[in-house]
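A quick write-up on the structure given underneath.
The structure presented is a predicted model; accordingly, all values stated were derived computationally and were not measured.
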Amino acid sequence: MTITSPHLGSPSTDWTDARLLYALEEVVETELNRHLKVAKDWMPHEYVPFGDARNFPGFFEDGEAWDKKQSKVTEIGRIALVVNLLTEDNLPSYHHEIAALFGRDGAWGTWVHRWTAEEGRHGIVMRDYLLASRAVDPDKLEASRMAHMNEGFESDNRHSMLHTVAYVAFQELATRVSHRNTGHQSGDPVCDRMLARIAIDENLHMVFYRNLLKAAFELAPDLTMQSVRDVIVNFRMPGHGMPGFERAAAQMAIGEVYNMRIHHDDVLQPVLRHLKVLEMDGLGPEGLQAQEELGFFMGGLDAEASKFDEKLAARKARMAARAAG
């Protein structure tokens with residue numbers, strides 16, 4: 001794919017993915033070194049309540065069938081935990097996609113493998129916690145994992161390295177917010193502590209990609225603005241293909257784990273503000289058009305989020321009145 005920016009070199013500088021990868025390599029190395037200095041290794045097993053675990057039916061004569069009463073995790077916590085874990089389960093597909101886009105050599109390759117290793121810890125600790133604490137039906141969880149991974153995963157942004165960088169800058173923050181809110185809503189301090197630890201990693205991943213996106217704006221501002229617009233307008237979480245995702249997403253929205261208001265206020269706006277995307281000047285015609293369209297979209301999303309807020313408040317009032325009566 002060839003992409004064009006009028007801002008560097010000749011009046012018309014053609015950017016390919018390969019040229020952008022090469023141009024950003026030094027920034028990736030700088031960000032990788034920063035990440036390795038601040039990231040702290042941690043042991044998944046230290047966050048899992050293995051003392052609460054017991055055998056499930058099967059090969060063990062003393063196996064005890066699962067019942068949701070065995071866990072202190074709330075219903076919304078259980079739903080969100082399954083969505084979060086099934087999302088992590090597709091890590092092999094995510095690794096394949098970013099390795100194909102970013103490459104396996106140099107700083108890019110080192111980052112790809114480091115990111116994959118850190119994300120792998122998240123799936124390990126979440127599954128161990130869910131099974132040890134009996135927070136979810138293990139048979140249904142495994143059936144959902146098989147169905148989800150059999151479908152595979154193809155990113156909406158696999159056509160472009162720059163679109164992928166823009167997407168993950170927002171998606172990593174979305175994942176961090178979803179984990180933190182799930183922990184708060186889980187009803188279990190052990191779960192909350194585990195997800196808080198995962199969220200620290202996700203935040204560092206967001207900072208890596210956000211800083212890379214900043215460098216891309218300096219390098220090819222029009223093209224980067226178009227990529228950010230495309231990603232935000234068409235944003236979907238990577239777990240959208242899992243069984244029952246739409247219903248789970250609706251429940252998570254009502255449960256205030258992740259909804260339009262959270263997406264607008266806690267995910268999109270912080271990155272846009274940090275990079276001053278909507279105030280950026282020096283853009284060419286295509287960049288200006290993308291910036292204007294992005295501004296209109298954000299305004300519309302805010303309005304839709306306000307409508308959702310009103311419906312959610314009305315629902316809470318009805319439930320409170322019902323409980324009081």
Side-chain angles (χ1 to χ4, degrees), residues 42-91 94 118-151 174-203 237-259 262 319:
W42 54 279
M43 301 298 121
H45 54 267
E46 294 180 355
Y47 288 81
V48 178
F50 287 110
D52 295 342
R54 48 203 184 277
N55 293 333
F56 288 102
F59 292 105
F60 299 101
E61 293 182 2
D62 62 342
E64 183 180 350
W66 179 80
D67 189 298
K68 67 171 57 179
K69 295 177 182 177
Q70 296 163 349
S71 169
K72 64 183 72 172
V73 171
T74 62
E75 185 63 21
I76 187 59
R78 182 176 295 108
I79 291 166
L81 280 162
V82 170
V83 169
N84 292 347
L85 176 55
L86 292 181
T87 299
E88 298 284 359
D89 277 330
N90 254 340
L91 183 60
Y94 309 148
E118 291 184 2
E119 290 289 342
R121 266 198 295 236
H122 303 168
I124 290 169
V125 71
M126 289 175 66
R127 175 168 282 101
D128 285 352
Y129 166 80
L130 291 176
L131 295 179
S133 67
R134 292 189 164 237
V136 300
D137 183 332
D139 294 342
K140 288 185 178 179
L141 180 65
E142 177 60 11
S144 295
R145 187 190 70 84
M146 288 295 293
H148 187 37
M149 293 193 71
N150 277 330
E151 286 294 317
T175 305
R176 176 199 131 191
V177 169
S178 180
H179 281 312
R180 288 303 288 125
N181 289 342
T182 299
H184 294 329
Q185 302 279 11
S186 68
D188 182 6
V190 174
C191 179
D192 193 21
R193 183 167 57 247
M194 171 193 67
L195 292 177
R197 188 61 194 78
I198 292 174
I200 292 173
D201 285 356
E202 303 292 11
N203 194 64
M237 290 294 275
H240 62 81
M242 69 180 61
F245 178 78
E246 289 77 11
R247 185 169 186 271
Q251 291 169 308
M252 289 167 68
I254 293 171
E256 298 182 88
V257 171
Y258 202 94
N259 55 40
I262 293 169
M319 291 181 67

Mind running side chain to side chain contact (heavy atoms under 4.5 Å, CB included) on Ile198 and Met126 for me, showing each step along the way? CA-CA 9 Å; Ile198 292 174; Met126 289 175 66; 3.6 Å; yes

Once you round to the nearest 0.5 Å, how far does CG of Asn181 lie from CG of Leu195? 10.5 Å

Side-chain donor-acceptor pair present, Trp42, Asp201, cut-off under 3.5 Å: yes

With rounding to the nearest 0.5 angstrom, report the CD to NE2 distance, Glu246 to His240. 9.5 Å

Of all the heavy-atom pairs spanning Ser178 and Val257, show the shortest one and how long it is. O-CG1, 3.9 Å

Is there side-chain contact between Phe56 and Arg134, with heavy atoms separated by less than 4.5 Å? yes

Check whether any side-chain heavy atom of Glu64 sits under 4.5 Å from a side-chain heavy atom of Asn55, and report yes or no. no

Ignoring hydrogens and geometry, is there a side-chain-to-backbone donor-acceptor pair from Thr74 to Gln185 under 3.5 Å? yes

When rounded to the nearest 0.5 Å, the distance separating CE of Met319 from CD1 of Ile254 is 9.0 Å

Show your reasoning for whether side chain to side chain contact (heavy atoms under 4.5 Å, CB included) applies to Arg197 and Arg193. CA-CA 6 Å; Arg197 188 61 194 78; Arg193 183 167 57 247; over 6 Å; no

Interatomic spacing from OH in Tyr258 to OG1 in Thr182 - rounded to 0.5 Å: 11.5 Å

Verify side chain to side chain contact (heavy atoms under 4.5 Å, CB included) between Leu81 and Leu85, making sure each step is shown before the conclusion. CA-CA 6 Å; Leu81 280 162; Leu85 176 55; over 6 Å; no

Could you grab the distance from atom CZ of Arg127 to atom CZ of Arg145, nearest 0.5 Å is fine? 6.0 Å

I need the Glu119 CD to Ile124 CD1 distance, nearest 0.5 Å. 11.5 Å

Could you please spell out the steps behind the side chain to side chain contact (heavy atoms under 4.5 Å, CB included) verdict for Tyr94 and Thr87? CA-CA 10 Å; Tyr94 309 148; Thr87 299; 3.6 Å; yes

Between Glu202 and His122: side-chain donor-acceptor atoms closer than 3.5 Å: yes

Does the structure place the NZ or CZ of Arg54 under 6.0 Å from the centre of the six-membered ring of Phe60, at an angle of no more than 45° from the ring's axis? no

